[in-house]
2 protein chains.
Amino acid sequence: MNISAASKAAGLPVKTVRYYADIGLVEATSRTEAGYRTYDEASVRKLAFIRRSRQFGFSIEECRELLGLYEDRDRSSSEVKRIAAKRLTEIEAKQRELQSLHDELAHLVKACRGDTRPDCPIIDYLG
Amino acid sequence: MNISAASKAAGLPVKTVRYYADIGLVEATSRTEAGYRTYDEASVRKLAFIRRSRQFGFSIEECRELLGLYEDRDRSSSEVKRIAAKRLTEIEAKQRELQSLHDELAHLVKACRGDTRPDCPIIDYLG
DNA sequence: CCGGACCTTCCAGTTGCGGTAAGGTCTAGC
DNA sequence: GCTAGACCTTACCGCAACTGGAAGGTCCGG
């Protein structure tokens, strides 16, 4: 499979697949004589694994760890759970942050008349 | 006021104050003969305005617009409201995204025993 | 007059790619 | 056999919004 076939199969842009190879996350299975990257099914599975991990917001380095665990038949699920739980607390922290931003901003937007006059509670709050 | 006094008064790192000057967001009020930036109260107020705007997640370019409106005695509050409402919908979109990520990930983390065995619903889901 | 705490500019690095250029390769059709 | 165009390669720039660090100038207390 050349890189464009692999990228389609994994659901990632070609550029991203090449980038992942460059940083040693998922290397090409081999190269043709002309230097073209080739990918097999196993590599495509790894790429798709990374894609799904990234959708959860795991960083590239976390994806690297997760991929290592994915490939490790002797893994402890506690390792996986630790990484996922960490991400979960990050998400929850972000949710709390967004919630308070949302409440404040929604309040201000609601209080602003939004007409041609300059009076504005949003500006008042920021200034 | 030199830059460190201004940065303390505005609640921003010196580096950031310098950066804002570089990009023409809030320039120093003047320079000493030696080339040191000096800030007056009005500039510090602008810096603090930017700091609070940034806390709401407004981009630098949005902050530039908001600062322009802050400074404009003839502004229409509708302009301010438009920018804030846009940010609000972004926040809401992000909240929905995080909510679904949270629900999925929380479910998986809960289902993972987190012991020394390799069986793991999180890995199963990603793989 | 000296040490240290300021200040200056400029350059590099961060994250995770996307865009684009310059050039090699492969393949279908004539 | 040749050519057009669709691939592929590496390499470098750019993004957002800074942060850190190097090299060098300035200012102030003792």
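Each chain gets a letter, A, B and so on, in the order the sequences are listed, and its residues count up from 1. All values below were derived from every heavy atom in this structure, side-chain atoms included, with hydrogens, water molecules and symmetry-related copies excluded.
In terms of modelled atom types and a separation under 3.5 Å, the side chain of B:S59 and the main chain of B:E62 share a donor-acceptor contact. Between the side chain of B:T32 and the main chain of B:A34, a donor-acceptor pair closer than 3.5 Å is present.
A:Y19 meets the ring pair (Phe, Tyr, Trp, His ring centres under 6.0 Å) test with no other residue; sequence neighbours excluded.
In summary, the side chains of B:T38 and B:T29 do not present any donor paired with an acceptor at a separation below 3.5 Å, with no hydrogens or angles considered. With 3.5 Å as the limit, one finds a donor-acceptor pair spanning the side chains of A:Q99 and B:Q95. For the residue pair A:D119/B:S77, the side-chain donor-acceptor check at 3.5 Å is not satisfied.
Rounding to whole angstrom units, CD1 of residue B:I23 and P of C:dC10 are separated by 17 Å.
With respect to B:E65 and B:R82, a salt bridge is recorded, a charged nitrogen being found less than 4.0 Å from a carboxylate O. Between A:K86 and A:E90, at least one side-chain nitrogen of the basic residue sits less than 4.0 Å from a carboxylate oxygen of the acidic one, meeting the salt-bridge criterion.
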Requested in this report: Scan nucleotides 12-23 of chain C nucleotide by nucleotide, 5' to 3', and note B when protein non-hydrogen atoms come under 4.0 Å of the base, S if they reach only the sugar-phosphate, - if neither.
Outcome: ----BBSBB---
Query - Base-contact (B) and sugar-phosphate-only (S) positions in nucleotides 2-7 of chain C, heavy-atom cut-off under 4.0 Å, - elsewhere - result: ----BS
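For residues 40-51 of chain A, the salt bridge (charged side-chain N to carboxylate O under 4.0 Å, His left out) pairs, not counting sequence neighbours, are A:K46-A:E71.
Note that the first and last nucleotides of DNA chain D, 5' to 3', having any atom under 4.0 angstrom from a heavy atom of chain B are D:dA17 to D:dC27.
Closest approach of A:A21 and A:Y39 over heavy atoms only: CB-OH, 4.1 Å.
The distance from the OG atom of A:S7 to the CG atom of A:L12 is 7.5 Å, given to the nearest 0.5 Å.
A:I123 and B:I60 fall within the same hydrophobic cluster, defined by Ile, Leu, Val, Met, Phe, Trp and Tyr side-chain heavy atoms under 4.5 Å apart, directly or through other members.
Residues from residues 94-102 of chain A lying near DNA chain D, meaning a heavy-atom separation below 4.0 Å, are absent.
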